[in-house]
Amino acid sequence: MSGGADPGGANAALTRRWRGALMDNFGTPRLPLVQGRGTWVRDAEGREYLDFVGGIAVNALGHAHPAVVRAVGEQIASLGHVSNLFIAEPTVRLAERLLRLAGREGRVYFSNSGAEANEAAFKIGRLTGRPHLVAATGGFHGRTMGALALTGQEAKRRPFRPLPGDVTHVPYGDADALRAAVGTRTALAVLEPVQGENGVIVPPPGYLRAAREITAASGTLLVLDEIQTGVGRTGRWFAAEAEGVEADVVTLAKGLGGGLPIGATLAFGAAAALLTPGTHGSTFGGNPVVCAAALAVLDTIEEAGLLEAVTRAGERLRRGLRLPAHPLVREIRGAGLLLGVVLGDEVAARVQRAAQDRGLLVNAVAPDVIRLAPPLTVTDGEVDVFVDGLRAALSDVLEETPTAA
Ligand code: PLP
């Protein structure tokens, strides 16, 4: 029986309760999950799945990692929340640690989500005194009004106009278009090193370096949104390291908290001094429990050598899905463990369903792209099980519609 389909079962019952009590902004989620361990999750009827969604590239250490469980337990048992009126040591330690990873002097602002991390970047931009902003078409920076103004996806923006302006969107990966849009009125240009939500789009080599040169020439802040690509996801602490690019502002969230909500805005040089007392804030930002979880994530990535492991696992995954060639797979793109399986037709939703029926969770991020974002801790054995299962699911879809390839 396919995952979650029994109308009289526990999955359907929880889904009905969800529908009755929660707003419909997401549509109805496809499956209730009740437990997770490592790369595996279990639904309300006891069925197990290999989880390559990872809470949308969040669960860097998988589910219920002992280091995160211990850190959260110890911190909540000693000091759970102090607000920004007081100092908690884990908050300071995490900020110091992030700056050390960046290898530069700067300052950090903590919030609770990716959108908020970008809101802070937006406000830093406003405080330069320049009115204009530049972002990329197709880019995703979050759903709050400021982050949405930067987001380059029209369908998400349209219902909420007017949005804070004045933002120019330029084609992603096109350095000339960026050069034409950025000038001395431009406060900041914000880019993702890989566009995750837009279907795992990788820009041409040299694009981020060009963006650095273009922004530096007009005194514009370069903001790199590493919310999906940061914290080891691409096999480096920050994806932009691959091009040796140092941004003025870097935003993080997702994987940083190991499943707990956190956003971080790292600013360097003059940009680090623009937020002054009273200009911005958040009650929960820098919460010591969440910061303790983030420190456990960073410690584990370092101690377990996960950056190298991500690169190896990503290559194994790519190889397994590429060879032998599957007629429905056109291309595998991305970096490390942020991969997009590009299909020969717009059947990603059906592949997602077929994979779920075979006990694999994946995300149809675009009509023709399946996104893979397993935990950084995924094992070779799990990659192999996944590859076999996904290839079988692709063949299931191909059998239904042989013209799809
Ligand atoms: N920026 C990027 C690159 C993202 O991928 C996302 C979420 O997918 C966000 C910002 C928004 O993060 P959040 O959903 O935590 O607000």
Side-chain angles (χ1 to χ4, degrees), residues 23 25-26 29 52-60 109-125 133-153 155-157 160 163 167 169 172-173 188-203 207-208 211 222-234 236 238-240 247 249-266 282 284-285 287 290 293-294 297 333-340 362-366 369 371-373:
M23 287 196 199
N25 54 304
F26 297 111
F52 272 48
V53 176
I56 317 186
V58 163
N59 299 324
Y109 168 77
F110 285 121
S111 53
N112 317 285
S113 67
E116 285 172 86
N118 286 332
E119 288 290 334
F122 196 134
K123 278 195 163 181
I124 287 171
L133 303 99
V134 174
T137 308
F140 185 75
H141 301 292
R143 304 285 200 144
T144 54
M145 292 298 274
L148 190 58
L150 299 172
T151 289
Q153 301 183 9
K156 296 185 173 78
R157 298 160 54 82
F160 300 104
L163 292 164
V167 183
H169 287 94
Y172 185 63
L188 64 83
V190 58
L191 296 169
E192 295 160 84
V194 174
Q195 283 189 333
E197 297 301 307
N198 194 32
V200 193
I201 311 278
V202 182
Y207 179 60
L208 295 183
L222 176 64
V223 178
L224 287 182
D225 178 340
E226 294 247 20
I227 283 162
Q228 191 152 155
T229 54
V231 198
R233 172 71 37 206
T234 69
R236 302 172 192 270
F238 303 94
V249 178
V250 176
T251 53
L252 299 173
K254 288 199 180 275
L256 181 59
L260 274 77
I262 189 168
T265 307
L266 283 58
S282 154
F284 287 112
N287 169 280
V290 180
V297 169
R333 64 190 178 208
L337 285 173
L338 178 59
L339 295 178
V362 297
N363 169 232
V365 70
V369 184
R371 173 175 46 190
L372 310 180

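In this text, all values refer to a predicted model and were calculated from it rather than measured experimentally. Just so you know, ligand 1 is whichever comes first in the structure, and atom 1 is the first atom listed for that ligand.
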Review point. Given Glu197, Arg143, Glu116, Lys254, which one has a non-hydrogen atom that is nearest to atom 7 (C) of ligand 1?
Key: Lys254

Check your understanding: Does anything in residues 133-144 pair up under salt bridge (charged side-chain N to carboxylate O under 4.0 Å, His left out), and if so which pairs, sequence neighbours excluded?
Key -> none

Study note, to complete from the structure: The closest protein heavy-atom partner of atom 2 (C) of ligand 1 is Phe140 O, 3.3 Å

Check your understanding: Any N or O on Ile227 sitting closer than 3.5 Å to an N or O of ligand 1?
Key -> no

Check your understanding: Looking only at heavy atoms, which two atoms of Ala253 and Gly263 are closest? And how far apart?
Key -> CB-CA, 4.1 Å

Check your understanding: Among Ala57, Gly142, Ala117, which residue places a heavy atom closest to atom 11 (C) of ligand 1?
Key -> Gly142

Review point. If you look at every heavy atom in Ala293 and Gly257, which pair is closest and at what distance?
Key: CB-O, 3.7 Å

**Study point:** Thr251, portion touching ligand 1 at heavy-atom distance under 4.0 Å
**Key:** neither

Study note, to complete from the structure: closest protein heavy atom to atom 5 (O) of ligand 1 is Gln228 NE2, 2.7 Å

Review point. Are Ile56 and ligand 1 in contact, using a heavy-atom cut-off of under 4.0 Å?
Key: no

Point to revise | Which of the ligand 1 atoms, numbered from 1, are nearer than 4.0 Å to a heavy atom of Asn118 | key: 1 (N), 10 (C)

Point to revise | Per-atom contacts, ligand 1 versus Glu192 - under 4.0 Å to a heavy atom | key: 3 (C)

Exercise for review: Decide whether an N or O pair under 3.5 Å exists between Gly114 and ligand 1.
Suggested key: yes

Review point. Is there at least one pair of N or O atoms, one from His141 and one from ligand 1, spaced under 3.5 Å apart?
Key: no

Check your understanding: Should the proximity of Ala115 to ligand 1, defined as any heavy atom under 4.0 Å, be assigned to the side chain, the backbone, both, or neither?
Key -> both

Point to revise | Interatomic distance, Ile262 atom CD1 to Glu116 atom CD [nearest 0.5 angstrom] | key: 11.0 Å

Practice item. Considering only non-hydrogen protein atoms, determine which one is nearest to atom 1 (N) of ligand 1 and report residue, atom name and distance to 0.1 Å. Key: Asp225 OD2, 2.7 Å

Check your understanding: Would you say the side-chain atoms of Glu192 pair up with the backbone N or O of Phe140, donor to acceptor, closer than 3.5 Å?
Key -> yes

Exercise for review: Establish whether atom 14 (O) of ligand 1 and some protein heavy atom are separated by less than 4.0 angstrom.
Suggested key: no

Point to revise | Test item: Gln228 side-chain N/O and Lys254 main-chain N/O as donor-acceptor pair under 3.5 Å | key: no

Check your understanding: Would you find a donor on one side and an acceptor on the other, under 3.5 Å apart, between the side chain of His169 and the backbone of Thr151?
Key -> yes

Check your understanding: Are any side-chain N or O atoms of Arg333 and backbone N or O atoms of Gly199, one a donor and one an acceptor, separated by less than 3.5 Å?
Key -> yes

